[in-house]
J.: 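Take a look at this one; I'll ask things after.
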Amino acid sequence: MRWHPASQLLTVWGVSISLFVMLPFHIVNREITVYGFVMLGLFIAAFCTGAWFKTPVIQQRHAAFFQMPDFKRADNLLMLVSIFSMIVLFIEFRSGSAGDLTAAYEIRSQRSTSLLNGDASGSSLAFQLGFLTSPVGYTVLVREIIYREKIKPLRMIILGFGPLILSSLALGGRGPLLLAFTLASFALLTKRTAFAEKVAKVKLRTRSRSSNFFLITISVIGVIVALNYFVTVFFLRAGEGGAAGMFDAIGDAWGVTFDGPVAEAMKATLGLGITYLIFVFSWYIVQGIVIANVLFTSYTGPAQLGIYGIELAGAVARRIDSNFVAVRNYSLFDLNVFGFVPSAFGTLYVDYWYFGILVAAGWGYLTSVVYLRSRTSSDARWLIAAPFMMQGVLYSGVNTPLGQTNGLVTFSWMIVTFMMAKPRKGKSLNPGSLQPRRKVA
């Protein structure tokens with residue numbers, strides 16, 4: 001891991017709070033209190049305490065230190081599951097929206113209504129199988145990027161991005177693609193940090209730039225296509241009124257506006273459309289601050305015990321007792337927080353009340369365990385968990401790692417891969433022999 005978990009979390013929330021203060025967000029029809037900010041601070045402090053309790057900042061060991069695992073069994077499983085996932089998602093795609101983003105949005109809205117009412121989703125078998133298998137693509141991406149001396153672009157694109165692209169198309173969402181790109185970036189960062197010497201040697205030996213050029217070209221095209229897809233979905237959801245209509249409607253719907261002299265100057269300088277996109281993208285970053293504050297201040301419903309924060313738990317509960325789920329969802333709907341991102345800490349509060357503070361400390365501790373093992377253990381399998389942990393902290397303003405876009409299933413495939421890979425024994429370092437650095441590594 002490139003950063004200590006506590007340092008990364010503080011940076012992420014520092015950036016989020018800075019955007020919230022600097023951009024012209026105006027809160028309307030929501031109760032924001034000092035108590036809510038104090039509670040948010042307690043949760044953040046709990047995470048950092050758990051992380052620092054396990055280990056301070058330590059040095060990263062490099063290429064020659066690691067004993068590379070045998071991924072033969074794991075690779076076979078990942079390939080089979082990825083291919084199976086693409087088949088069932090293609091079936092779902094053809095029988096569902098079939099590429100029509102308007103139809104996909106309507107299907108997504110229907111599922112949101114079913115979720116609110118606690119009704120069984122009525123999703124097809126292909127959808128359910130795709131839900132359980134498509135997150136394998138994240139693990140494929142991390143495995144391919146970190147552990148191969150020379151990345152195989154086609155294998156990464158087909159087996160890694162393939163299920164995630166089809167998942168986005170079939171459901172009309174943006175989450176799987178966004179997480180795929182950020183996770184791939186963290187995997188590349190992990191590789192450059194842990195195997196810096198090998199990466200440098202490969203670059204010196206490789207006179208031909210064709211493979212690197214191909215990979216860079218595909219990556220750039222992928223980012224452009226994904227960005228265009230994100231923008232298209234944003235404006236589709238804005239409705240016929242476009243950006244102007246959305247600015248008029250968001251006050252009541254979202255409980256936040258983009259008003260004041262700064263906003264007017266942005267509209268005059270950048271244009272209405274660009275300002276709207278800046279508003280929407282930045283709202284996704286700062287939304288967790290607002291929604292978590294509302295939950296800390298006003299939520300009085302029962303502890304939901306994972307139903308709120310974990311998709312799979314919610315789906316199982318809906319099939320067992322739909323009324324049980326509906327009662328809890330309507331308590332959130334009354335606060336106008338249902339469907340908004342609550343941040344990891346708002347989620348933990350709704351699911352576990354004040355015990356969520358202990359869960360946050362445990363999350364920080366476990367993340368720090370991966371940080372420690374990825375830097376001191378000769379078992380290179382620990383490196384596969386590092387990007388997932390870093391991404392979990394990065395998206396803490398959205399939800400918990402297990403609640404981010406089918407996160408429980410995503411982590412399950414990573415753990416299965418970790419267990420199936422055969423470790424090669426080597427001598428690990430004594431963490432106590434490593435002196436903490438003054439500067440975060």
Side-chain angles (χ1 to χ4, degrees), residues 71 73-97 104 107-108 110-112 114-115 118-144 156 158-180 182-184 305-322 325 347 351 384-385 387-388 391-392 395 398-421:
F71 277 103
R73 291 186 305 171
D75 282 343
N76 290 335
L77 175 66
L78 293 175
M79 180 179 65
L80 291 174
V81 174
S82 180
I83 293 173
F84 175 79
S85 179
M86 286 187 283
I87 292 173
V88 297
L89 284 171
F90 182 75
I91 294 173
E92 172 67 17
F93 172 70
R94 293 295 300 170
S95 63
S97 62
I107 293 172
R108 191 179 181 90
Q110 292 171 4
R111 287 175 178 151
S112 297
S114 297
L115 176 61
D119 299 330
S121 64
S123 55
S124 65
L125 178 61
F127 174 88
Q128 294 172 19
L129 292 174
F131 179 85
L132 294 174
T133 56
S134 62
V136 78
Y138 300 120
T139 299
V140 172
L141 288 174
V142 174
R143 182 269 180 270
E144 292 294 320
M156 186 177 70
I158 295 173
L159 299 180
F161 280 106
L164 304 174
I165 291 173
L166 282 171
S167 177
S168 290
L169 291 175
L171 305 181
R174 307 173 302 275
L177 277 179
L178 184 60
L179 263 66
T182 56
L183 193 58
L305 304 177
I307 293 175
Y308 181 54
I310 302 176
E311 289 176 278
L312 193 58
V316 172
R318 287 160 64 190
R319 292 187 178 277
I320 296 174
D321 186 347
S322 61
V325 178
T347 297
D351 275 337
I384 200 171
F388 291 92
Q391 181 164 269
Y395 282 84
V398 177
N399 209 328
T400 66
L402 299 184
Q404 297 166 12
T405 312
N406 204 5
L408 178 61
V409 179
T410 297
F411 271 78
S412 297
W413 284 116
M414 183 270 288
I415 293 171
V416 167
T417 303
F418 180 96
M419 299 301 293
M420 289 190 69

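Values in this document were obtained by computation on a predicted structure and should not be read as measured data.
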J.: Nearest 0.5 Å please: distance from the CG atom of L177 over to the OG1 atom of T182.
T.: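 If we round to the nearest 0.5 Å, L177:CG and T182:OG1 are 10.5 Å apart.
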J.: Look up atom CZ in F90 and atom CG in L169, then write down how far apart they are to the nearest 0.5 Å.
T.: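 So the gap between those two atoms works out to 10.5 Å.
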J.: Checking L78 against F71 for the side chain to side chain contact (heavy atoms under 4.5 Å, CB included) test, could you report, in this order, the C-alpha distance in whole Å, the side-chain angles of both residues, the deciding distance, and whether it holds?
T.: CA-CA 10 Å; L78 293 175; F71 277 103; over 6 Å; no
J.: With side chains defined as the heavy atoms from C-beta onward, is the minimum distance between P401 and F411 less than 4.5 Å?
T.: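 P401 vs F411: side chains touch.
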J.: Given L89 and F127, is the side chain to side chain contact (heavy atoms under 4.5 Å, CB included) satisfied, shown in steps?
T.: CA-CA 7 Å; L89 284 171; F127 174 88; over 6 Å; no
J.: Taking all heavy atoms of A180 and all of L164, pick out the closest pair and write down the distance.
T.: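 Smallest heavy-atom distance, with atoms named: CB-CD1, 3.5 Å.
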J.: Please confirm whether the backbone N or O of G137 pairs with a side-chain atom of W413, one donor and one acceptor, at under 3.5 Å?
T.: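 Pair absent, no side-chain N/O of W413 close to backbone of G137.
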J.: Taking all non-hydrogen atoms of both residues into account, name the closest pair between P163 and S85 and its distance.
T.: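 What the structure gives for the nearest pair is CB-OG, 3.8 Å.
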J.: Test side chain to side chain contact (heavy atoms under 4.5 Å, CB included) on R143 and D75 and set out the steps.
T.: CA-CA 9 Å; R143 182 269 180 270; D75 282 343; 2.7 Å; yes
J.: When rounded to the nearest 0.5 angstrom, what is the spacing between CZ in F161 and OG in S168?
T.: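 So the gap between those two atoms works out to 11.0 Å.
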J.: Under the 3.5 angstrom rule, does the side chain of S82 hit a backbone N or O of M79 as a donor-acceptor pair?
T.: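 No.
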J.: Calculate, to the nearest 0.5 Å, the distance between atoms CG and CE belonging to L77 and M420 respectively.
T.: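 With rounding to 0.5 Å, CG (L77) is 5.0 Å from CE (M420).
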J.: If you compare all heavy atoms of L141 against all heavy atoms of M156, which two are closest, and at what distance to 0.1 Å?
T.: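 Distance-wise, the nearest heavy atoms are CD2-CG, 3.3 Å.
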J.: Restricting to non-hydrogen atoms, name the atom on T405 and the atom on T410 that form the minimum distance, rounded to 0.1 Å.
T.: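 Of all heavy-atom pairs spanning T405 and T410, the closest is O-OG1, 4.1 Å.
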J.: Work out which heavy atom in M419 is nearest to a heavy atom in R73; give both atom names and the distance.
T.: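 M419 and R73 have their closest heavy atoms at O-NH2, 4.3 Å.
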J.: If you take all heavy atoms of A126 and I91, which pair is closest and at what distance?
T.: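 Closest pair (atom of A126, atom of I91, distance): CB-CG2, 4.3 Å.
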J.: Mind running side chain to side chain contact (heavy atoms under 4.5 Å, CB included) on V409 and N406 for me, showing each step along the way?
T.: CA-CA 6 Å; V409 179; N406 204 5; 3.1 Å; yes
J.: What pairs with E311 under salt bridge (Lys or Arg N to Asp or Glu O under 4.0 Å), at least two apart in sequence or on another chain?
T.: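 Scan of E311 (salt bridge (Lys or Arg N to Asp or Glu O under 4.0 Å), adjacent residues dropped) gives none.
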J.: Checking Q404 side chain against N399 main chain: does a donor-acceptor pair fall under 3.5 Å?
T.: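 Here the side-chain-to-backbone pair exists.
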J.: Going by the rule side chain to side chain contact (heavy atoms under 4.5 Å, CB included), which residues pair with L129 if we only count those two or more places apart in sequence or in a different chain?
T.: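 Per chain and number, L129 pairs via side chain to side chain contact (heavy atoms under 4.5 Å, CB included) with F84, V88, L125.
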J.: From L312 CG over to L402 CG, what is the distance, rounded to the nearest 0.5 angstrom?
T.: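 Here the interatomic distance stands at 10.5 Å.
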J.: How long is the span from the CG atom in D351 to the OH atom in Y308, to the nearest 0.5 Å?
T.: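 D351 CG to Y308 OH: 8.5 Å, rounded to 0.5 Å.
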J.: Would you call Q391 and L179 a side-chain contact if the rule is heavy atoms closer than 4.5 Å?
T.: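 Side-chain contact under 4.5 Å: yes.
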J.: Is any side-chain heavy atom of I83 closer than 4.5 Å to one of L159?
T.: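 Yes, side chains in contact.
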J.: With a 4.5 Å limit on heavy-atom distance, are the side chains of T400 and Y395 in contact?
T.: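 No; the side chains remain at least 4.5 Å from each other.
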